[in-house]
Amino acid sequence: MSKLNLVLFGPPGAGKGTQSAFLIERFGLVHLSTGDLLRAEIKAETELGLAAKELMDRGDLVPDHIVIGMIRNKIEAHHEAKGFIFDGFPRTKAQAEALDGMLNAKSEPIVAMLALEVPEQELVKRLLGRGATSGRSDDQDEAIIRNRIREYENKTAPLKDYYGAQGKFKGIDGVGSLGEITERLVKAIG
Ligand code: AMP
């Protein structure tokens with residue numbers, strides 16, 4: 001059976017992490033979040049973590065080769081997976097091309113890019129709310145949140161066209177109850 005490799009896409013605060021949890025359970029997928037992997041490196045105080053922390057604290061993207069290397073290791077560690085859900089990756093065209101290279105070499109391409117769409121004012125509200133409880137320093141300062149949204153618009157949003165050209169882009173309304181949004185995602189997966 002072919003693998004259900006999905007990109008869960010959207011700006012910071014769109015609900016990618018939350019919705020991933022439902023999709024993983026429903027379809028038996030392996031979750032790969034570069035944000036989570038980077039935060040684990042920071043917690044373990046690795047050299048990579050130290051370098052990434054400075055960029056993450058400003059809301060800037062970390063260099064492509066770092067996140068591409070992390071994803072490559074994880075894909076190789078999970079040959080048995082029914083599929084992957086990529087959350088927060090790819091974020092640049094170079095990352096998307098590298099991912100296509102890795103997956104196409106295994107004849108297990110991305111099936112769909114599910115793009116959660118949420119207005120900016122709602123994103124800022126959600127992220128400040130999350131910052132109050134998550135302990136994530138990049139969720140606690142509105143200027144940093146807005147920088148993350150700018151990074152998304154400048155470097156990441158163009159990937160809608162990249163996947164659109166492959167016929168894989170699916171826009172999903174990301175405003176509503178958790179259950180409603182999950183249903184929209186499940187319908188889009190088909
Ligand atoms: P996230 O948990 O996805 O919101 O990511 C938190 C931060 O980690 C981002 O603001 C970036 O600094 C960094 N990061 C996570 N994933 C990537 C990626 N694919 N490319 C570059 N930077 C990333």
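Just so you know, these numbers come straight off a predicted model, no measurement behind them. We count ligands from 1, going down the list as the structure has it; atoms in each ligand are counted the same way.
Glu108 and Ser2 form no side-chain donor-acceptor contact under 3.5 Å, judged by distance and modelled atom types alone.
Counting side-chain heavy-atom gaps under 4.5 Å among Ile, Leu, Val, Met, Phe, Trp and Tyr, the cluster of Leu185 also holds Leu4, Leu6, Leu8, Leu23, Ile24, Phe27, Leu29, Ile85, Val111, Leu114, Leu116, Ile172, Ile181, Val186, Ile189.
Nearest to atom 12 (O) of ligand 1 by heavy atom, out of Leu55, Asp60, Asp57, Leu99, is Asp60. For the residues Glu54, Lys53, Gln95, the heavy atom positioned nearest atom 20 (N) of ligand 1 is part of Gln95.
Side chains of Leu48 and Val62 form no contact here, defined as non-hydrogen atoms less than 4.5 Å apart. Side-chain contact check for Leu128 versus Glu142: some heavy-atom pair is nearer than 4.5 Å. Two residues are said to be in side-chain contact when any heavy atoms from C-beta on lie closer than 4.5 Å; Thr34 and Ile66 fail this criterion. Inter-residue side-chain proximity for Asp139 and Arg148 is flagged as met; some heavy-atom pair is nearer than 4.5 Å.
With hydrogens left out, the protein atom closest to atom 14 (N) of ligand 1 is Leu38 CD1, 3.5 Å, a heavy atom. Ranking protein heavy atoms by distance to atom 18 (C) of ligand 1, first place goes to Arg91 CD, 3.4 Å. Nearest protein neighbour of atom 8 (O) of ligand 1, counting heavy atoms only, is Met56 CE, 3.3 Å.
By the criterion of a heavy-atom distance under 4.0 Å, the side chain of Val67, and not its backbone, is placed next to ligand 1. Contacts between Arg39 and ligand 1, counted as non-hydrogen atom pairs separated by less than 4.0 Å, involve the side chain only. When heavy-atom distances to ligand 1 are checked against a 4.0 Å cut-off, Val62 comes that close through both its backbone and its side chain.
In terms of heavy-atom proximity, Gly83 sits nearest to Lys3 at CA-CB, 4.3 Å. Here the shortest heavy-atom pairing between Glu117 and Phe169 reads OE2-CZ, 3.8 Å.
An N or O contact shorter than 3.5 Å is missing between Ser33 and ligand 1 by distance. Looking at Arg136 next to ligand 1, an N or O pair under 3.5 Å apart turns up.
For ligand 1, the atoms closer than 4.0 angstrom to any heavy atom of Gly88 are 16 (N), 17 (C), 18 (C), 19 (N).
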